[in-house]
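Atoms within each ligand, like the ligands themselves, are counted from 1 in listed order.
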Amino acid sequence: MMSTSRGGTAAIVPAAGRGERLGPGAPKALRSIGGIPILVHAVRSLVSSGRIGLVVVAAPPNGVDGVRELLREFGESVHVVPGGDTRQRSVALALDAIPETYEIILVHDAARALTPPSLVTAVIDAVAAGSDAVIPALLVADTIKAVDSSGTTVTATVDRSTLRAVQTPQGFRRSLLIKAHAAATAMDTTDDAGLVERLGLPVAVIPGHTEAFKVTTPFDLLLAEAVWSERDKAAERHA
Ligand code: C5P
């Protein structure tokens, strides 16, 4: 249901990229897991939290009609707008399309198809509790090293305990996200919290979820199929 009450939450899904790292074939957001397109999974994760009044999806400008058709099951609670030439621009265009009544805004990667709705809820709760920018993040399992510009020689081993692998949805007080994007017209960041950091403002970290991984490579697609089929089996056991 579309909520227009002040204080509600809206979500932005930038999905206007080509997703070339998955190899040849359909754009990434249109690839399927368990026969369901990745973008549909991502929007379902948001909507099934029961806490989102509106989702605005930024689609490839030449694919808006197709993406609208794909997301028809969500009715008025999902709007599709043409994206821009960078991720940052796509988010800014979607942000422009969100009515002022929404005070909390999430930005969620379409590629994090199997994000549990509980993670969506946790991010919203953290913003509602007073953090104006919130990111979910996981501890880093691998040892991380810095390398030289050729990528062939190690220059340093980084202290892993102070590193986190960042996921989405990222959550923001609306006014802060608008300010961060307005201040960042010339840059192309890979996440929106980065724009808040550039303003010198704090970004709060909450625990991420392993199943909120980004489907980027063919291996990720295999992993996603496995996670999805386990969920299916669990749902059957509880039916
Ligand atoms: O290509 P990359 O994985 O960095 O893209 C991250 C996200 O930003 C993807 O969901 C992609 O669809 C989106 N994007 C966008 N507009 C662009 C480029 C990327 O919405 N112009």
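Ranked by closest heavy atom to atom 10 (O) of ligand 1, the top entry among Ala59, Ala94, Pro14 is Pro14.
By the 3.5 Å distance cut-off applied to N or O atoms, Ala16 is counted among the residues near ligand 1. Note: no N/O pair closer than 3.5 Å links Ala58 and ligand 1 by distance alone. Annotation: Ser90 places an N or O atom under 3.5 Å from an N or O atom of ligand 1; distance criterion only.
Listed by atom number, the atoms of ligand 1 under 4.0 Å from Asp85 heavy atoms are 21 (N).
The two residues Pro169 and Pro136 make their nearest non-hydrogen contact at O-CD, 3.1 Å. Val127 approaches Gly171 most closely through the heavy-atom pair CG2-C, 3.6 Å. When all heavy atoms of Pro60 and Val67 are compared, the closest pair comes out as CD-CG2, 4.5 Å.
Residue contact check for ligand 1: Gly83 places no non-hydrogen atom closer than 4.0 Å to it. Contact analysis leaves Asp109 out of contact with ligand 1, as no non-hydrogen atom separation drops below 4.0 angstrom.
Looking at Thr190 against ligand 1, nothing comes within 4.0 Å, counting heavy atoms.
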>> Show, in sequence, the C-alpha distance, side-chain angles and deciding distance for Asp232 and Ser229, and conclude whether the side-chain hydrogen bond (donor to acceptor under 3.5 Å, both in side chains) test is met.
In response: CA-CA 5 Å; Asp232 241 12; Ser229 104; over 6 Å; no
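A distance-only check finds no donor-acceptor pair linking the side chain of Ser131 to the backbone of Ala204 [under 3.5 Å]. The closest donor-acceptor contact from the side chain of Ser77 to the backbone of Gly53 lies at 3.5 Å or more, if one exists at all.
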